[in-house]
Amino acid sequence: MIEYLFMLTAVLGAILALMQRDLLKSAILVGISGASIAILYQYLLAPDVALTQAIVGAAIIPVFFALAVYKTRRMEE
Amino acid sequence: MNLYDLIVKKIKDIQGAGDDAAITNMSTSSMLTAEITLISSILVALVMLRMVSKILMIVAVLVVLLAALVAMPLMPRFKNEQNDSMAAMMFYVMLALAIVITLFYWGNLNV
Amino acid sequence: MNLLIPLMVIVPILCALFLNLLHKKDRTIKTIAIFLALVLPALPILANYGLHYFGGYAPLIENPTLSNNLPSLITGTALNTFHPAITYSFQSAQKIFVFILGLVGLLAVFTSLFETRRPSGVYGYMMFMGIAAVTAILLTDDIFNLYVFFEIAALATVGIVLVSNVKGNYETALKYMILGSIAAPLLLLGIALLLGVTGNVNITDIIYSLKNGLVNPQNPVLLMACGLIVFGWLYGSGLPPFHTIKSAIYSKALPSGAALIQAFSVFIFIALGIIILRIFSYLPFSQWVILGVSLLAMILGITMAIVQTDIKRMIGFLAVGELGYIGIGLGLGTAFGITAGLFQAVNEAIITAFLFIGFGTVLYQTRVSDTRKLGGMMARNPVVALLVLLAGFAMAGVPPLNAFQSKLMLIQASINAGFPELGVIMILLSIVTFMTFMKAFHAVFLRPKPADLEFKNENIPKATIIALVVFMVVCIVFGLFPQVVTSYLQPLATSLAGGIV
Amino acid sequence: MVIDVQIASLFTAVSLIIIGIFAAAFLDNLIKKVIGLAFIGDGVNLFLIAMGYKPGGIVYIYLPGMAAEWFSQNAAYPLPFAMVLTSIVIGASTMAVMLGIIIVLYKKRGSLSAKEILGE
């Protein structure tokens, strides 16, 4: 049953990430969405992909975005 | 005012005041060539509709010919339409995606 | 098992990786790079035809020692014939394509080594990586492997544009990447749908499943997959609506890079087009879509080329327009038409590279690409002017040169297939192509030199002229002896037209 | 009524793709555009994974003691999973290149607006 919750957080995280004016918050929400997808992969019987997605989707990509925001500007004009 | 001046004036009107590129002899003649090529190749391509129905072909060729004559300098508009801005490109990409999917999905199911 | 087949992909990757280790030893790098680049066109000539299974996993039917111990659940069904490994297939058509790609790559690398100040660096890396990726796209029989190398080729293209230092290159590269990041995942989605229906990513196996009734070919999901793969094809080869971004990409790269990128587009066009024809030729609609898109590409590309004032942009649009000719050949669906289309692809890859590098000498000397500010180059370099003129003749299809043969074949094929209108349009657009080229040629070479035109570099490197002469020789040889190429392309065309793959 | 997990994941994937395309097409901020593109990639990956899922199946690891036939009927289909591993890495590297270009453009032009930077 809990997998439906993660589907919901994945989609909600995506929508919320695009609605933020603060780009750093968006980066974090991208991480939340990526992490929910990683857990979803675990439920869909793909534990090895889940591991990769947990590292790439929940850690590396948000860090990329955070670094880009740090090098440019935090608030959307 | 002779015909050449009329064409130059019309091209200038469509390009608008924002474009500072001078309208030279060369650019006008290339615009004209492009215009004629565009209209003639579209008309010839429309003749291929005869595969579907001959009457449809005749009607389509006449309608497109009339429309092209009425809206005559098409090429400046075409050039403006195919500019390098992201928004225009994205619009056409989305349009193409929609057309391709629809054509393949409905076109093949209902043949 | 033929070891030279994987080497065609591995050699350029090794070049890309190891040449930069020798940084600062310029002479050594030049020698090694030229030697290794010479290997690129030589490999396909030396290699024998065959299939290469990565990891050595041949289909069970060819591997009796393994299949003896397996239950009949596996050996008794279609699983017995499926390809478990990533398969590279090297046949006669691939031989000529990889050879031409290697030749264009060799000459582009050769030119860039002497035109750029530093022979080692990111530029060479990206060029070799792109060559490796496109070679793999041509060879692979595995549609997911194709997607991976498709992405690598796109990244290499972006890399070639980024290092060029032309004004506005970053903006164009970013636009290309954003559009690519929409189109490439959708191509993957198409592949995913295909995988979901057939359970396979090997193209031969997918066709086997479709032909032998393992899956229903009229499944709507397959239609969706075909649409998405066609969309990825539009992006990969720069057909409308991607023609504006693709021609912008050509114009923002250095001339040698642009010559290479257009060869990438041509060969991606061919590779994906062949795949669409192989898998989906049973849908009558697929051929109509290929024809329609090609017609649109021809008309839009060539009419847009006339009104450009920047030489590189003009050749970029012409290159897109010429893609339409190939597509018409493929879309006609007859063996003769497909042969003509593939022959036109080979010719176009050479001629457009010839034009880019030829006009590149002007850019090298003056750093100006606007036709309105150029002039009088004929007096400085009559030899180069003559070579560029020959390139223009070749593109327009003037008799003794190669595109004449392929365009003639295309027109004959379109008349034989019952579409004389296509022949008329092709002749019309050839004439306009010639006029466009002559306009640029007049503005750059024949007109008196404007007073304010300055020369940054006095002399054209000998290497560039050698490259141009090689291109000219290839054009003339292919023009006089078209059977040399068409005999290689015929088997593939016949199998595509007959639907027996 | 409970919807099947597989169908629900496919719908999640499609909605992620649609959200991503929407963001890439309509949002003006370049970083937001790239975030949208990341969602398109995620959605396609999830689609592939959901395709390999087998309801009530097991993870595709062949342990000693399993009967081969039982395993082949109950294990998830591992081919798409192997593809997704590659696809995730490709997506991440593309993203990194795009963000790098955006940083350079910001240094040059001092803006993150697509209208300003990627206009004509």
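All figures in this text were calculated on a predicted structure; none of them were measured in a lab. Throughout, a chain's letter reflects where its sequence line sits, starting with A, and its residues are numbered from 1.
- For V49(A), the parts lying near chain D are the backbone and the side chain together; criterion is any non-hydrogen pair under 4.5 Å.
- Here the side chains of T12(D) and F6(A) are not in contact, with every heavy-atom distance at 4.5 Å or above.
- The side-chain heavy atoms of Q53(A) and D42(D), taken from C-beta on, include a pair separated by under 4.5 Å.
- Between chain D and the options I61(A), V69(A), D48(A), I60(A), heavy-atom pairs under 4.5 Å are most frequent for D48(A).
- Ranked by non-hydrogen atom pairs under 4.5 Å with chain A, the options V59(D), I61(D), N29(D) are led by N29(D).
- For the options V84(D), I19(D), I35(D), heavy-atom pairs under 4.5 Å to chain A are most numerous at I35(D).
- Of all heavy-atom pairs spanning S33(A) and F39(D), the tightest one is OG-CE2, 3.6 Å.
- Contacts between S9(D) and chain A at a heavy-atom distance below 4.5 Å involve backbone atoms as well as side-chain atoms.
- Heavy-atom distances place both the backbone and the side chain of F81(D) under 4.5 Å from chain A.
- With a 6.0 Å radius and a threshold of 12 heavy atoms from other residues, nucleotides or ligands, F26(D) has its CZ atom at or below the threshold.
- For chain D, the nearby part of E3(A) is the side chain; its heavy atoms alone come within less than 4.5 Å.
- When each of L23(A), V11(A), L8(A), I15(A) is scored by its heavy-atom pairs under 4.5 Å with chain D, the top score falls to L23(A).
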Discussion item. Run the side chain to side chain contact (heavy atoms under 4.5 Å, CB included) test on Y106(D) and R73(A) for me, step by step, so that the C-alpha distance in whole Å, both residues' side-chain angles and the decisive distance to 0.1 Å come before the verdict.
Written reply: CA-CA 9 Å; Y106(D) 183 78; R73(A) 68 168 78 189; 3.4 Å; yes
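- Between A23(D) and L18(A), the shortest heavy-atom contact is CB-CD1, 3.5 Å.
- Only the side chain of L27(D) comes within less than 4.5 Å of a heavy atom in chain A; its backbone stays farther off.
- For I58(D), the part lying under 4.5 angstrom from a heavy atom of chain A is the backbone only.
- If you measure heavy-atom distances from I31(D) to chain A, the contacts under 4.5 Å come from both the backbone and the side chain.
- The most heavy-atom pairs under 4.5 Å with chain D, out of A68(A), G34(A), G57(A), come from A68(A).
- Using modelled atom types, no side-chain atom of K32(D) and backbone atom of M19(A) make a donor-acceptor pair closer than 3.5 Å.
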Item to complete: Give the intermediate values and the outcome of side chain to side chain contact (heavy atoms under 4.5 Å, CB included) for residues M7(A) and V5(D).
Response: CA-CA 10 Å; M7(A) 288 172 199; V5(D) 178; 4.1 Å; yes
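- Within residues 37-45 of chain A, the residues having any heavy atom less than 4.5 Å from a heavy atom of chain D are, in residue-number order, I37(A), L40(A), Y41(A), Y43(A), L44(A), L45(A).
- Other residues, nucleotides and ligands contribute only 12 or fewer heavy atoms inside 6.0 Å of the NZ atom of K71(A).
- Neither the backbone nor the side chain of D28(D) has a heavy atom closer than 4.5 Å to any heavy atom of chain A.
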